[in-house]
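Okay, structure first, notes after.
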Amino acid sequence: MLNITLPDGNKLNFEKKVTGFEIAEKISKSLSKSALLISIDGKLKDLNTVIDKDCSVKIFTSKDKEGLETIRHDTAHILAMAVQELFPGTQVTIGPVIEDGFYYDFARKEPFTDEDLNKIENKMREIVERDEQTTREVWPRKKAIDHFKKIGEIYKAEIIKNIPEEEEVSIYFHGKWHDLCRGPHLTSTGKIGKYFKLTKVSGAYWRGDSKNEMLQRVYGTSWSTQKELDDYLEKIEEAEKRDHRKLGKLMNLFHFREESPGAVFWHEKGWALFQKLISYMRYKQEDAGYKEINTPEILDRSLWEKSGHWEKFGANMYTSETPDKKIFAIKPMNCPGCVQVFNQGLKSYRDLPFKMSEFGKVHRYEPSGALHGLLRVRAFTQDDAHIFCTEDQITEECLSVTNLILEIYKDLGFEDVILKYSDRPDLRVGEDGVWDKSEAALLKAIKASKLEYSVNKGEGAFYGPKIEFVLRDAIGRDWQCGTLQVDLNLPGRLGASYVDKDGSKKIPVMLHRALFGSLERFIGILIENYAGKLPFWISPLQTMVIPISEDFNEYAVLIQKKIKNSGITCSVDLKNHNLNYKIREHSNAKVPILLICGKKEVDSNAVTIRKLDSNKQENMSIDEFIKKYSALNKAPSI
RNA sequence: GCCCUGAUAGUUUCUAAUGGUUAAAACAGGCCCUUGGUAAGGGUCAGUUCCCAGUUCGAUUCUGGGUCAGGGCACCA
C-alpha cells in the first residue's frame, strides 16, 4: 500500500507503485492532460518517474514557473536535436533556461545564418509534431565519457568529467536523439507546444571564459500560450521603441561619431538635461553636508603608481606623453585627486566625517565591444564623492549615503531598488580584522535600510567591500547605478591622516560613493524609463510657444520671454508651418507643454495649454500659468 | 578584445539602382506663397555612396585591410 500526500493535505492510496502521470489521472482528467512535471518530496522529477515509496507530491503544469521553465529547457533540447539533424557533425555543449527563454551553444566551423535559423525552427516544429517519447537512463560515468568521446562530442565528455562524484550521470533520449542532462524533462517532444521562436545567433565563449574557443549560441524563447509569446514579442518591440539611442536622435539630445568612439557629443537639449541633473544633485548634496571640489583630469604617472591604479587599472587607462617625454594619465577615477585635497592642511578628528563631492569626468579605455550608447561609454561624468571618517562612523555614513541615494532615485521616478552586496575578494589588501569590521559595518547599514539585497561573494573591490544599487525601470529591466565602497587602503597609500583626540596621527577610512554612477548612463536609463517623456521638472525643454499664424508671432515671443524669466525653459516656433504640423512635431520631440496662441489668446492675455499625450486644452492667463508651473518646476523632495 | 551582420543625402530605404555621362525616392531642412488644433497644398534650393590600398581603360558596386555601428560573448559605472 502506497500513501501519496497531495499539496492540500489529502492522501491518495495506490497498490504498490505508480507514476506521476497516473497520480494526475486519478486527481482529474484535465490535470492528466496538462500535467508536465512532478515534485517528489520537494524534488522536481519527470512525470513518468516510478514512485514506490510513501511521499508527498505536487504536480506542475505550464501555469507554474517550474512548468514553464521545463518547457523552455525542452525547447532547448529540441533545438539541439534539430541542429544535429540538419547539420551533422555539429557538437552540442550546454543549453540552459534563461529569463524569458533559453539558448544552446554549439561548436561548428561554419557560422549559422539567419536562413539557417529559419530552417532550424521549421525542423523543431517537425520534431514537436513527431511527438517523440522521452526516456531517462542513468549511465556509469566511464561509459558516458567513452560514449560521448566516441561520437565526437568532446565538450559533453568534458562536462561529465566535471559532474561531482555523488551525482548521477543521466542521459535523456527523445526518440533516438540523446543528450546528457540533469533533467527533469517533459514526457514527449509534443508537450512543449508550438509557442516558441528562435530569436538570434551570436558568439559565446566555451565556459564563459574569453581565453577559450568561441562557440555559436542560438537564442530562443518559448511560452505556454500564443498570448504569452505575443506579449513577450511586444515587450521586446516596446523596449526597442524606448531605445535611448533612437530617442536621443529623435529628441536631438546627443550623438556619437567615429573620431571618438564611446564619447558623447552633447547637443543643446541633451546638455540642458545633463546640467539640470547636476544642479539638482548639487542642491541635494549641499543639503547632505557635502563640499563640492574639482580636481585635474590629467595627473602625473607617479600618483597612479602610488595609488595602485597603474598596476591594477592600467589596462583601462588613457595615458599621454608631453613633448618633453613626461607621462601623464587621464584620470579613470577621481579618488586619488580627492585625497590630495583632503591632504591639504592638518585635519582633526573634529573635521570628520569630511565629505567632498566632485562631478568628475573620467576616461576609461573600455573594450570596443562593450560600448553601448550612453549606457557604456569611455568618457563619463561621475557624481562622485569621498567621505573621510573614522571606523566608528562607517555604519552611520553608509546609512546616510543609502538614504540619499533612495531619495534621489525616488525623485526621478525609481522606487524599485535592490542592493547587491559584495564582500572580500581573494586578491585584496588589508588585514582580515579590518575587513571583518568594514564588512560588518556595511552589512549593518544595508540591514538598517530594510532593502532587499543579494550577496556577490568575493566581488568586492581590492580595498574594501561594496554595495551596488540596482534600480528597476518602467518595463521591468534592471540597471546598476550607484555604488558605495568602504576603503581602508587608499588613504594610507596616499598619505592621508588626521589628528585624533589623543594627539596621535591616524589614517582615516574613505568611503567612495556615486549616486547615479555615471551621468551619461543615468540619462540613458531615464530616457528609456520614461520613453523620452521626462517629467516636467527635469525636461530639457519644458514649454514651446506656437502661434497659430504669423500674425501672432509678436505675442508668442512676448509670452516666451515672460516664461523664460520665470525660470521655466521655453522656446517659440515661428517657422512657416501650420498649427497641426507644429503640434505634431513638438509632441514627437516630447516637449511636455505646448502653448498655443491666436487671436482669442491675445485678446484675453492668455495661453492655451496642451500637455504631451493629451488632446485636451486648457486656457489660462499667463500669470496663472507661470504661478502654477513654477510650483511644479522642482524635484518632488525639494 | 572575440563571433556574426552591416555601412548610399540630415533621417529612412528587404521603397532604390548600377563595373560606365547629371546615383534614386520619401520624409526632414532653407527661402517664397499659403496657414485655426497631432504631418493641408504649391514653387524653388542643396549630396565628396565610411577610409586606405588593389584589380580595371573606368570601382559606390569586385578583392584585401582598416574604422565605426548593431546583436551577443567577455569586461564593466
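Each chain gets a letter, A, B and so on, in the order the sequences are listed, and its residues count up from 1. The basis for the numbers below is simple: all heavy atoms, side chains too, and nothing from hydrogens, waters or symmetry mates.
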Specify the residue among A/L215 and A/P261 whose closest nucleotide of RNA chain B lies further upstream toward the 5′ end. A/L215

Starting at atom NZ of A/K312, determine the distance to atom P of B/rC75, rounded to an integer number of angstrom. 17 Å

Measure from the side chain of A/I583, starting at C-beta and using heavy atoms only, and say which of B/rA77, B/rU38, B/rC75 lies closest. B/rU38

Here the distance between atom P of B/rC27 and atom CG of A/N588, to the nearest Å, is 16 Å

Between B/rG65 and B/rC2 - P atom distance, rounded Å: 13 Å

What is the pairing partner of B/rA74, taking Watson-Crick or G-U wobble pairs with both distances under 3.5 Å in any strand? none

Take the protein atom CD of A/E258 and the nucleotide atom C1' of B/rA7, then report the distance between them rounded to whole Å. 9 Å

Aromatic contact between A/F87 and A/F112, with the criterion being ring centroids under 6.0 Å apart: yes or no? yes

Could you give the distance separating B/rU21 and B/rC52 at their P atoms, to the nearest angstrom? 22 Å

Mind checking who B/rA28 pairs with, Watson-Crick or G-U wobble, both distances under 3.5 Å? none

With a 3.5 angstrom cut-off on both distances, give the Watson-Crick or G-U wobble partner of B/rG58, or none if there isn't one. none

Walk me through whether A/S571 and A/Q560 qualify under side-chain hydrogen bond (donor to acceptor under 3.5 Å, both in side chains). CA-CA 6 Å; A/S571 195; A/Q560 184 211 9; 4.8 Å; no

When you compare B/rU63 with B/rC76, how far apart are their C1' atoms, in angstrom units rounded to a whole number? 38 Å

Pair partner, B/rU18 [Watson-Crick or wobble, under 3.5 Å]: none

Quote, to the nearest angstrom, the P distance that separates B/rA17 from B/rU8. 15 Å

Who pairs with B/rA53 - Watson-Crick or G-U, where each distance is under 3.5 Å: B/rU63

For a side-chain hydrogen bond (donor to acceptor under 3.5 Å, both in side chains) with A/T608, tell me which candidate from A/E618, A/Q617, A/E601, A/K600 qualifies. A/E601

Which base, if any, makes a Watson-Crick or G-U wobble pair with B/rC68, both distances under 3.5 Å? B/rG6

A/D478 atom CG is separated from B/rC76 atom P, nearest whole Å, by 18 Å

Tell me which nucleotide, if any, is Watson-Crick or G-U wobble paired with B/rA23 when both distances must be under 3.5 Å. none

When the C1' atoms of B/rG66 and B/rC57 are compared, how many Å lie between them, rounded to an integer? 28 Å

Is the centre of the A/F254 ring less than 6.0 Å from the centre of the A/H267 ring? no

Using both distances under 3.5 Å as the test, list the Watson-Crick or G-U wobble partner of B/rA39, or none. none

Return the stacking result for B/rA74 and A/Y205: yes when the ring centres lie under 5.5 Å apart and the planes under 30°, no otherwise. no

Ignoring the backbone of A/Y581, work out which of B/rU35, B/rG29, B/rG70 is nearest its side chain. B/rG29

Kindly confirm or rule out a cation-pi arrangement of A/R217 over A/Y103, judged by NZ or CZ under 6.0 Å from the six-membered ring centre and within 45° of its axis? yes

For the side chain of A/P111, counting heavy atoms from C-beta on, which of B/rC4, B/rC76, B/rG37 is nearest? B/rC4

Testing B/rG72, B/rA77, B/rU38 for proximity to the side chain of A/R584, the answer is B/rU38

Distance, rounded to the nearest Å, where A/L375 contributes CG and B/rG71 contributes P: 10 Å

5'-most contact on RNA chain B (nearest-nucleotide basis), A/G598 vs A/A379, goes to A/G598

Figure out the CD/P separation between A/Q485 and B/rA77, and round it to whole Å. 8 Å

Name the closest nucleotide to the A/K600 side chain, picking from B/rG37, B/rG72, B/rA39. B/rG37

Whether A/F265 and A/H255 hold their rings parallel, tilted or perpendicular, with breakpoints at 30° and 60°: parallel

